[in-house]
Structure formats: C-alpha cells, structure tokens
Amino acid sequence: MRATWKGLPARRHTVGWEPGLAVPAADGSPLITDHYFPRAEGDFPTLLVRSPYGRGLPWSPMYGVLFAEQGFHVVLQSCRGTGGSGGEFDLWRNEAADGRATVSWLREQPWFNGTLGTVGPSYLGYVQWALAEDPPPELKAMVVQVGLHDPHALFHADGALRLENALAVGVGMTYQHRGMAPFLKATLRLQRRLREVTTAQPLRGAHASALGGDVPWLDEVLSHPDAEDAYWDGASLAAVARRLEVPTGLITGWHDVLGDQTLEQYRRLREAGCETSLLVGPWTHTSALQQGWPEVFAESLAWLRAHLCADPSALRPTRVRVHVGGEGGGAGDWRDVEDWPPAAVVGPWFPTAQGHLIRQATAESAPLVSFRYDPADPTPSVGGPLLSRTAGARDNGTLEIRDDVLTFTGPPLTEPLDVLGPVSARLSVSTDTGHADVFTRLCDVDEQGRSINVCDGLGRLRTDGQEPSRITVPMSATAHRFAVGHRVRWQISGGAHPRYARNPGTGESPLDATAFAPVRITLHADSALMLAVLPRGSGAGTTGNG
C-alpha cells in the first residue's frame, strides 16, 4: 500500500490483531468481528467499521491496519449473513439494531474508553446512518465516504431502473464477502454477459445467469420502482441528518454513483446546524478508494482526530473543499469554499435549430428539432457515475455522431467559465407515443473537438398528443472550469443503456416488456440548460494546494 499510495502518514504504532471474535447481534446471531489495536500503553478511541463485503482485502489494510497505526482501536465487523456472520443479510432492516448490539458489546471490553467513531464507504456509510438514527452517547464522530443513505435511489431514478449499477451491486453484495477471488470471477462473468442480460426480453430474472443464480433481494428491489411502495418503508435514512448532532465528515466524487446522496446529506446536516465538512474529488465511486485514497484517508483521519482525540491541527480552514475539473490536473485544481453550493448566478442557456447554445431566450415554445429513439437499438451510455471500469469522464465523440443524439454547442470562450453548483435541464418536450425518457448531459468541448462529459441526469416523460410536457431534470452538481477556447455543450438523447434500462415506449414496465415501440422525441425552443456560474473575481473560493 505504501508503495502504491504516496503521501500516507508515517506509522505511529505497530498493530495487534484479534481475529474472529463473535459479537452477539440483536437476535443473538454471531457477528464475526476482527479487532485491530495499537501496541502501546494508554487509552485510544475506537472506530466501528461494519461491512457486508468481508473483512479481508481491501478492508483489513485500509481500515484495520492504517487507522490502528494512527492510534485507534478498529472493530471491523461482517454484517449479518456475510463474511461468516450468522443470520440472513438484508439491505436495511437489521443494521440499526445490530449496530446498537455491537456498541453494547464494546461497553464490556476493557480496552474501550467510551469514545467511539465510525468510518467507511458505500454501504459502510449506510450502517453509520443506521446507528445514528438513535445514536449511542459514546458516538462522537462519523466519516461517511462515498456513502449511501437511500437504497431506493441507488436502484431507481425518476421511475427508470439504474440497470448496470444494480447488477454491479448484486455482484458485490453476493460475492465480495467471500473473498477477492470469487468476487473477481463473478465480476468478469458479469462483464462477459452484460449485453446478453441487459438486452433480454423480458428483463426480469435475466440477471441470474450473470450472477451465478437467483439473488432474491435483487429481484425485490428491481420489482419496486416506486419509492412510496410499502416495500421501501424504513429504507431511507435521509431524515437522520435533519436531527443529528454527531459531527459528520462527508466525502464523495463528482462521478460517484452516490454523489447526489452525499450532497443531500450535507445540505440536511447544515440545515440542522450539525457540525459537518465536505470533500468532493475528481473520483468515481471506486476510484475514491483507489487513486483518491491518500486524500480520502487524510481527510478522514483529520476529522476523527479532531473529534475523538481533541486534536484539530490537521483540519482545513474551510468547511468545503472541491476539486475543480477542467483546470489541467495540477495542484491548483482543489478549491476551498465556505459552503456548498457557493454563491453563483444560475442562468439559462438556450438551444437553437442550428445546434448552437446561446444565452438569449427565444420568444416562443415552438418545436425546435426532433429525433427518433429506438429501444431495439438503444442509445448507449458512455462514462458518468457508474460502478464499472468505464465510469467517469470519457470522450463522447462516438456517441454524439449518432442520429439519436442531439448536441447544442456554445461558441469558443474568450474567458474561463466557472460552473460551481447544481446543474439542471428545463425541458419542453413532446412525443408521438406518450412514453419516453430524456437523458441530458453537460459536456466540455476542447480546442481539438473532444467532448468530455461533466455531469448528467435522466427524466421520464408522459406526454399527451402534440402538447409538450415540461419537466426539470436534475443533472447532479459539478465544480468545473471551462477554459478559454473551450465550448459548452448540451447533449440530449432518449436514454443511456445499459446504465438505465430501456424505456419500451409502450408504458409497460421495463422489467416485463417483450415488445418495444420507437418514439419520436421533439424538443421545443423554450427548453434551457441551467448552469450555476461563479462570477469572475467573486472571491467565493481560494485555490488550495491539495
């Protein structure tokens, strides 16, 4: 690890290890737990890390060893039904009770000094929110890295199924706790069969061949697209942040599949007056724990030391630090800001029939341009917030030459344009079938003509006749500088497959559809791309050195 990740802090202590401890869960099931500790005299705070992904690589070195070296007891535990722990795994129904049971066990340990923190990424963030629903008095700090609080939103977006990510989560939850070899084998099998599975008619049940058998919980989450369905009762822990008083550090990436959830967590914590911080890097969900690990670890360690060890010396001066994309990859890409989003001017950019993107509004909502989306030949997805190796910023050139992709491009910039904050599309659209999805994306076109995706979103349309429907599609948020000579591009299409399941165009569920209907989608002139532009010389942020 030290050869791979430059800049990790020097080791303060050698580390001891107690593997295979059986901690009684809420119902008495054994939760298998490893204890890492500094080999030194004195009291040390404890970090609780609960995971459904096993306790071996990479969790053992990244969380057990590295944090114990820095002066923490680390309790690394397999969630029920995973990694040898008893009981059956459930996506959300047991984590709060099992977390509280583990804290009860901690109170009986002679080395526990009564000061507790939590840390971890992804689902390891969800279990932190579950414990914080009724936080024990010992809980003094949390660090949620690329973390989850709403399982429904991980699998569904405005009625559309996040298909590729759902399959990747299915593989991770099913195989990762069994060890790296079974997990890698299952991941490769999914990659080989991805096209076959994602184009199956019907889609329901097709994933079994790629996942090595039935995965009942995955069948269930795919079958319940409505967040208000009773199936999802108790799943979302969004409300926890509204009343939390435990200092909570948040970390995400601009291409993290859970980035929107992290920004929502930050907003709710700020509204509640809870002490919080936010770090957003140039990462995907997985690269935050790979290339981004030195920054993620340093941020996490500084927060935990400040709130568990009364040592705030490594905290940064501002509440928020974001990586500003498009600046060239140097140390100056990091920017410290007092809050998120910073004060910016949100304004519209309008499409024209000639494919331009302009700042002047048109006078009417007349039809502007149309295209045909055929679910039998779906518009492919390129990059963005995925769990696969194809995630992140990618060249969209081959995508944008397709007939079913519209692009609207601004003129070359004569001065830099800083977009910092939420991005959205205000769409006025009609269709000939009444059923369609609209995928909308912001891209940065460089001087060589390469179009690189910045952020995006998808909305589901219901239209009636030729009357346009008006919807606003959130496109996540970004911190991106469009350099001099670059151009702003707005890309619009009828889907992004297999990132999202195909809209069959018939109104039928994407899971059960066996017939598809092509749809003609018409964009109207009163549509607009909404960008949060930071005024030049506003002083809203200072450039850090990372």
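Values below: all heavy atoms of this structure, side chains included; hydrogens, waters and symmetry mates excluded.
- Both the sub-6.0 Å distance and the 45° axial angle are satisfied by Arg93 relative to the ring of Tyr231.
- The two residues Pro24 and Ala101 make their nearest non-hydrogen contact at O-CB, 3.6 Å.
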(message) Using side chain to side chain contact (heavy atoms under 4.5 Å, CB included), reason through Thr102 and Thr33 one step at a time and then give a plain yes or no.
(response) CA-CA 10 Å; Thr102 302; Thr33 303; 5.8 Å; no
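- Considering only residues two or more places apart in sequence or on other chains, Trp129 meets the ring-ring contact (aromatic ring centres under 6.0 Å, His included) condition with none of them.
- Between Leu529 and Met475, some side-chain heavy-atom pair lies under the 4.5 Å cut-off.
- By the 30° and 60° cut-offs, the orientation of the rings of His35 relative to Trp111 is parallel.
- Atom NE2 of His480 sits about 7.5 Å away from atom CG of Leu442, to the nearest 0.5 Å.
- Side-chain atoms of Ser287 never come within 3.5 Å of backbone atoms of Trp283 as a donor-acceptor pair (strictly under, hydrogens ignored).
- Gly56 approaches Pro61 most closely through the heavy-atom pair O-CD, 4.3 Å.
- A donor-acceptor pair under 3.5 Å is formed between the side chain of Gln261 and the backbone N or O of Asp150.
- Residues Leu218 and Val169 form no side-chain contact, since every pair of their non-hydrogen atoms from C-beta on lies 4.5 Å or further apart.
- Applying the ring-ring contact (aromatic ring centres under 6.0 Å, His included) rule to His307 yields the partners Trp303; only residues at least two apart in sequence or on another chain are considered.
- Ring-plane geometry between Trp217 and Phe89 is classed as perpendicular, the angle between the planes exceeding 60 degrees on a 0 to 90 degree scale with a lower cut at 30.
- Put simply, the residue from Phe72, Phe37, Phe44 that forms a ring-ring contact (aromatic ring centres under 6.0 Å, His included) with His13 is Phe44.
- Aromatic rings of Tyr63 and Trp293 (six-membered ring for Trp) have centroids within the 6.0 Å cut-off, being under it.
- Side chain of Gln70 to backbone of Ala10: a donor-acceptor contact under 3.5 angstrom is found.
- Formation of a donor-acceptor pair under 3.5 Å by the Asn165 side chain with backbone atoms of Leu387 is found in this model.
- Here the straight-line distance linking atom CD of Gln191 with atom CG of Leu167 works out to 12.0 Å at 0.5 Å rounding.
- For the pair Val127/Cys79, a side-chain contact is recorded, criterion being any heavy-atom separation below 4.5 Å from C-beta on.
- Under the rule for a side chain to side chain donor-acceptor pair (under 3.5 Å), Ser277 has no partner lying at least two apart in sequence or in another chain.
- Closest of all the heavy-atom pairs between Thr174 and Arg178 is O-NE, 3.0 Å.
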(message) Would Val423 and Leu531 count as a side chain to side chain contact (heavy atoms under 4.5 Å, CB included) here? Give the steps.
(response) CA-CA 5 Å; Val423 178; Leu531 298 182; 3.7 Å; yes
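- Two residues are said to be in side-chain contact when any heavy atoms from C-beta on lie closer than 4.5 Å; Leu47 and Val75 fail this criterion.
- One distance of note links CG of Leu278 with CZ of Arg321; it measures 12.0 Å at 0.5 Å rounding.
- In terms of heavy atoms, Ala479 sits closest to Trp340 at CB-CH2, 4.4 Å.
- For the pair Arg80 and Asp27, the minimum side-chain heavy-atom distance is below 4.5 Å.
- You'll find the side chain of His285 reaches within 4.5 Å of the side chain of Leu258, heavy atoms only.
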(message) Leu417 vs Val533, test: side chain to side chain contact (heavy atoms under 4.5 Å, CB included). Steps then yes/no.
(response) CA-CA 7 Å; Leu417 180 77; Val533 175; 3.5 Å; yes
(message) Thr276 vs Leu244, test: side chain to side chain contact (heavy atoms under 4.5 Å, CB included). Steps then yes/no.
(response) CA-CA 10 Å; Thr276 184; Leu244 191 64; over 6 Å; no
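- More than 12 heavy-atom neighbours from other residues, nucleotides or ligands sit within 6.0 angstrom of CD on Gln290.
- For the pair His73 (side chain) and Thr46 (backbone), a donor-acceptor distance under 3.5 Å is absent.
- For Pro385, the side-chain contact (heavy atoms from CB on, under 4.5 Å) partners two or more places apart in sequence, or in a different chain, are Val257, Asp456, Arg499.
- The side-chain contact (heavy atoms from CB on, under 4.5 Å) test with His255 is passed by exactly one of Thr286, Asn453, Leu386: Asn453.
- Under the rule for a side-chain contact (heavy atoms from CB on, under 4.5 Å), the partners of Thr118 that lie at least two apart in sequence or sit in another chain are Leu48, Gln128, Leu131, Leu139, Met142.
- Counting non-hydrogen atoms of other residues, nucleotides and ligands closer than 6.0 Å to CH2 of Trp5 gives a total above 12.
- Although no hydrogens or angles enter the test, the distance criterion places no donor-acceptor pair under 3.5 Å between the side chain of Thr318 and the main chain of Glu338.
- Taking 4.5 Å as the limit, every side-chain heavy atom of Ser476 sits out of range of all side-chain heavy atoms of Trp254.
- The salt bridge (Lys or Arg N to Asp or Glu O under 4.0 Å) test applied to Arg389 returns no partner, not counting sequence neighbours.
- Under the ring-ring contact (aromatic ring centres under 6.0 Å, His included) criterion, His486 pairs with no residue, sequence neighbours left out.
- Heavy-atom minimum distance, Tyr53 versus Gly172: CD2-O, 3.7 Å.
- Thr252 contributes atom OG1, which lies 8.5 Å from atom CG of Asp260 (distance to the nearest 0.5 angstrom).
- Shown here for Val74 and Ala68, the closest heavy-atom pair between the two residues is CG2-N, 3.9 Å.
- For Ala238, the side-chain contact (heavy atoms from CB on, under 4.5 Å) partners are His149, Ser236, Glu264, Arg268, not counting sequence neighbours.
- For Asp444, the salt bridge (Lys or Arg N to Asp or Glu O under 4.0 Å) test picks out no residue, with sequence neighbours left out.
- With rounding to the nearest 0.5 angstrom, the CE atom of Met62 is 9.0 Å from the CZ atom of Phe67.
- With hydrogens and angles ignored, the 3.5 Å screen pairs a side-chain donor or acceptor of Arg162 with a backbone N or O of Ala153.
- A salt bridge between Asp336 and Arg316 is absent, with no side-chain N of the basic residue lying under 4.0 Å from a carboxylate O of the acidic one.
- In this view, Arg267 and Glu271 satisfy the salt bridge (Lys or Arg N to Asp or Glu O under 4.0 Å) rule, not counting sequence neighbours.
- Between the His156 side chain and the Val221 main chain, a donor and an acceptor come within less than 3.5 Å of each other.
- The side-chain heavy atoms of Tyr266 and Val320, taken from C-beta on, include a pair separated by under 4.5 Å.
- For the side-chain contact (heavy atoms from CB on, under 4.5 Å) test, residues two or more places apart in sequence or in another chain that qualify with Ser78 are Arg55, Thr82, Ser85.
- By the salt bridge (Lys or Arg N to Asp or Glu O under 4.0 Å) test, Glu164 is found to be paired with no residue, residues two or more places apart in sequence or in another chain being considered.
- In this structure, Glu245 places its CD atom where only 12 or fewer heavy-atom neighbours from other residues, nucleotides or ligands lie under 6.0 Å away.
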